[in-house]
Amino acid sequence: MRSYSVLFLVAAATGCAGASVPTKDVADTRAAMRAADEVGARAIPRGELHLKLAQDQLALAEQYLKEDEEDLAREALARAKNDAELALALAKEKHAIDAANEARQRVQQLQSAAGTGASVPPPPTQN
Amino acid sequence: MISRHLTIGRFAAFLAVSVIGAGCAATGPTPELVSAREAYADAAAGTAAKYEPSRLLAAKRALDEAEAVHEDDPGSYEEKHHAYVALRRAQIASTYGSLGAARAHEQSAERDYALTQDKLRTSAERGLEHQRDITEQRTRELEAEKAERAKLEARLRTALESLKELALVKEEQRGLVVTLNGSVLFVTGKAELLPTAKERLDQVAEALKSAEDDQMFVIEGHTDSVGTDESNMKLSKDRAEAVRTYLVSKGVDPKRISAVGKGEGTPTADNNPPEGRANNRRVEIVIGPAPSRSF
């Protein structure tokens, strides 16, 4: 009984959303890729790789949509979106690490100018 | 169905999944799931737990989903898809965790910067304050020294003023010269002090004691031209020595006072008339100038 109602809900959802859900997913994925690009993901090797993977998955999703394989398209878009989000995260992480290193460098410069030998923790690095 | 098989083939090509892996271990996890598990374990052990617990939780849910699909349909396309998403969620959580740690590091560096600046400012202020204290202290010392010097000079001047009644006080290049007439000091032809001389020399001793610590005194004995040079030299030396001994006995520092005999060589008057000779028989006390001080 329970599995029937689940099936009904899925069917209803698919029915109501129609083709608009993958279209929205495509738009969301493109937005995520654009955001990653704007933050500078292409400047980092891993960021560039994941943007490329996102691009490939998006192309795959578009192919599925042409073939009316909506579920497969939705899954490819999910993968694309996750790759784009990872590229964005990597770009943001790079900026944060650079900022932390610069801040630590400023401290070191100030300390050496003042002639103090205070201990300085190691700077963060990107994985 | 055919279409589904074709698309699975495309995805498999994209993922470069090992056909051998999928085929040989039908019930084992796909390489994607293995990677997702490892990535999640890394994220959970890293900074994500501290800085990005919600993203880590999302990664856990995605992994649970992949594990559930694996249970239901091991080695399937669906397992690979969910494992792929789980892998990315774990990597995203891990990356945001590292980002959070970097931001914390930056904030800590900024706090250190502010602290170092405060320390430097405090240290500079203390340095200035210390310098100011030293300058003020030095100024106070100089003023005290100046006042002491003025006091001593005033005392010496007063003492010398009183001497003017009994002796001639003159300022010369070599210092202040106090001239005492020989006839009031000594028995004629001898180096023996008269009782009246002692009274005068007591005042001289007081004046010398009020001079500055670093001033030196020279007692010079002089005679007229009567008698031989040798006898006059000896008499002048003995008389100077007698005055010195008396002054030392009255408290003048022996290290600062010396005695010399000048004989008849430096007369102040003509030796022919008796008055001139009387003037030439004398004892001069030279109070040397105080060494100049730098302020």
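Chain letters run A, B, ... following the sequence lines, proteins first, then strands; residues in each count from 1.
Considering only heavy-atom pairs separated by less than 4.5 Å from chain A, the leading option among B/Glu110, B/Arg89, B/His82 is B/Arg89.
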Fill in: Trace of the salt bridge (charged side-chain N to carboxylate O under 4.0 Å, His left out) decision for B/Glu206 with B/Lys209
CA-CA 5 Å; B/Glu206 283 313 306; B/Lys209 283 194 282 183; 3.2 Å; yes
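B/Thr95 places no side-chain N or O within donor-acceptor distance of the main-chain N or O of A/Leu90, the cut-off being under 3.5 Å.
Neither the backbone nor the side chain of B/Gln107 comes within contact range of chain A, judged by heavy atoms closer than 4.5 Å. Neither the backbone nor the side chain of A/His95 comes within less than 4.5 Å of any heavy atom of chain B.
The environment of CZ in B/Arg126 is sparse: at most 12 heavy-atom neighbours from other residues, nucleotides or ligands sit within 6.0 Å.
A/Gln109 and A/Gln105 form no side-chain donor-acceptor contact under 3.5 Å, judged by distance and modelled atom types alone.
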